[in-house]
2 protein chains.
Amino acid sequence: MSNDENIYRQILRAIVEHQLPPGARLPEDRLSEAFGVSRTGIRKVLQRLALEHFVVIEKNKGAQVNRPSEAEASEILDSRILIEPQLIPTLLMHWDETQSKRFRAMAQEEKQAESANLLADSIQLTARFHYELATLSGNKVLAHFIEQLCYRSSLILAAYGTRGSVGCECGDHTQLLDLLDQKDADKAQHWMSHHLKHIKSSLILESKPEENIDFQRLFGR
Amino acid sequence: MSNDENIYRQILRAIVEHQLPPGARLPEDRLSEAFGVSRTGIRKVLQRLALEHFVVIEKNKGAQVNRPSEAEASEILDSRILIEPQLIPTLLMHWDETQSKRFRAMAQEEKQAESANLLADSIQLTARFHYELATLSGNKVLAHFIEQLCYRSSLILAAYGTRGSVGCECGDHTQLLDLLDQKDADKAQHWMSHHLKHIKSSLILESKPEENIDFQRLFGR
DNA sequence: TTCTCTAAAATTGTATACGATATTTTCAAT
DNA sequence: ATTGAAAATATCGTATACAATTTTAGAGAA
């Protein structure tokens with residue numbers, strides 16, 4: 001793996017795992033020092049992260065971890081609700097015992113990470129479950145998009161998630177695996193849709209009063 | 001608009017309009033000379049174009065216009081077939097006479113460009129019709145994804161399109177607008193699905209024998 | 001203390017330098 | 001004429017330099 005790619009993944013991981021919270025600044029000097037490369041390489045990955053909406057770069061002010069707006073959060077979840085259930089029929093064509101075992105192992109890990117309160121692992125595994133499922137559909141273009149949406153969802157949880165609700169409380173992913181084993185496309189689709197809607201509704205999408213205070217409207221004549 | 005963004009759009013436009021055909025090399029020196037900026041700025045936009053799959057960057061060999069594989073072409077069209085019809089119900093909620101007129105004007109322009117054999121305009125307008133429609137759904141995240149897929153579709157047409165089939169022969173986009181005016185979601189969805197499938201089936205997805213010849217398999221023991 | 005203004009430090013944006021790698025050209029030998 | 005090797009050229013990857021801008025720190029006045 002190229003060095004750039006390596007740096008990219010490390011920073012992305014830190015953001016997705018909430019080590020770098022929304023709003024955190026990412027000065028190029030410190031990063032270049034930390035990774036032992038010049039600012040050139042750092043700028044390259046920051047620009048990539050900005051394109052992917054994990055950071056925001058403001059001219060002359062550098063990069064900071066993106067704080068997704070409520071609209072963005074809503075749209076990301078809506079996108080997943082629209083696409084992920086639709087992938088299930090195609091995915092089922094590739095579903096066999098090998099896959100079933102693989103995903104059950106993942107779900108198991110997830111459960112353990114959650115009960116051990118390993119937040120970082122829990123976040124990673126939850127996202128991974130979804131996008132590996134998407135990958136199984138065989139459409140790499142869509143799977144990559146879903147992967148991005150899953151990671152952005154992790155960022156959303158950092159901003160709007162209720163404490164401890166990294167995953168979903170409505171049972172767990174093994175329920176979906178049962179339906180897939182039964183090759184019940186309809187029920188599996190319905191479950192996925194419900195699952196994502198549940199996550200969306202669990203977000204606290206309330207205006208954070210601290211930012212974007214419109215003093216003009218508040219106090220202006 | 002920032003200067004980088006400007007350069008980005010100009011190069012993207014040249015690629016999408018088939019001014020720069022798949023495989024064309026993009027030497028940083030020439031571009032920096034042409035745009036009057038240093039290689040730094042050029043590299044920035046080339047890296048962005050690479051992330052968006054419009055160009056491919058090979059280590060120490062620079063960038064060239066991407067030649068989408070058959071698999072990639074197929075997946076992009078499949079993604080559009082999956083998503084775009086699904087956007088229609090949401091889109092219809094925002095459909096009114098203003099929009100109808102706007103899109104009819106666009107369809108008209110399209111027809112004119114096509115009959116005048118203005119390939120570049122024709123390509124742009126066809127793509128724009130689709131992603132502006134997606135934008136109307138209100139979901140910017142999805143609309144942006146569709147926009148990218150539309151542009152990549154233009155690149156696909158450059159590689160696999162039958163001569164003169166930039167658009168779709170099955171009538172034209174005004175048919176869809178009629179259905180939208182009637183608020184007939186079902187028929188509009190069906191039309192969109194058919195439209196995209198037609199485009200996909202019109203591609204000549206045959207192995208190009210010139211490249212990737214496996215001499216080992218051919219002649220090796 | 002609290003505010004404002006100014007100087008210092010930090011940080012970013014862009015160009016350039018230079019070693020490393022790839023490509024092309026040249027030219028001799030078969 | 002074709003092949004192959006070697007030099008010359010072109011191109012890329014990375015670090016660095018420097019001007020422009022922002023942020024921070026500090027001194028003085030109310």
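Predicted, not measured: the structure shown is a model, and the values here were computed from it. In what follows, chains carry the letters A, B, and so on, assigned in the order in which the sequence lines appear, proteins first and then strands, with residues in each chain numbered from 1.
Here C/dT14 presents its P atom at 16 Å from CD of B/E28, a figure rounded to the nearest Å. For B/N3 and C/dT14, the CG to P distance is 8 Å, given to the nearest whole Å. Here the C1' atom of nucleotide C/dT16 and the CZ atom of B/R43 are 14 Å apart, to the nearest Å. One interatomic measurement links the two molecules: NZ of B/K44 to P of C/dA15, which rounds to 11 Å at whole-angstrom precision. Atoms CG (B/D4) and C1' (C/dA15) sit 13 Å apart, rounded to a whole Å. Here C/dA15 presents its P atom at 14 Å from CG of B/D29, a figure rounded to the nearest Å. At whole-Å resolution of the value, CZ in A/F35 and P in D/dA15 are 14 Å apart. The interatomic distance linking B/I57 (CD1) with D/dG13 (P) rounds to 7 Å, in whole Å.
You'll find that the side chain of A/N60 is closest to C/dG13, out of C/dG13, D/dT11, D/dT23. In this structure, the nucleotide among C/dT14, C/dT23, D/dT23 sitting nearest to the side chain of B/R25 is C/dT23.
Both A/S38 and A/K59 lie close to DNA chain D; mapped to their nearest nucleotides by heavy-atom distance, the more 5′-ward contact belongs to A/S38.
Aromatic ring orientation, B/H173 versus B/H130: perpendicular (interplanar angle above 60°, classes split at 30° and 60°).
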Anything under 3.5 Å between a donor and an acceptor, one on a side chain of residues 20-29 of chain A, the other on a protein residue two or more places apart or in another chain? List them.
from: A/R25; atom 1: NH2; to: A/K61; atom 2: O; distance (Å): 2.8
from: A/E28; atom 1: OE1; to: A/R39; atom 2: NE; distance (Å): 2.9
from: A/E28; atom 1: OE1; to: A/R39; atom 2: NH2; distance (Å): 3.0
from: A/E28; atom 1: OE1; to: A/R43; atom 2: NH1; distance (Å): 3.4
from: A/E28; atom 1: OE2; to: A/R43; atom 2: NH1; distance (Å): 2.8

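Among B/L12, B/V37, B/L46, the single residue meeting the side-chain contact (heavy atoms from CB on, under 4.5 Å) criterion with B/I7 is B/V37. Looking at A/E72, A/E52, A/E75 one by one, the single match for side chain to side chain donor-acceptor pair (under 3.5 Å) with A/R152 turns out to be A/E72.
The phosphate of C/dT12 has neither OP1 nor OP2 within less than 4.0 Å of any side-chain N or O from A/R39. Phosphate proximity of D/dT11 to B/R30: present, with a side-chain N or O under 4.0 Å from OP1 or OP2. In this structure, B/T40 does not reach the C/dT14 phosphate: none of its side-chain N or O atoms is under 4.0 Å from OP1 or OP2.
Side-chain polar atoms of B/R102 and B/Q99 form a donor-acceptor pair below 3.5 angstrom.
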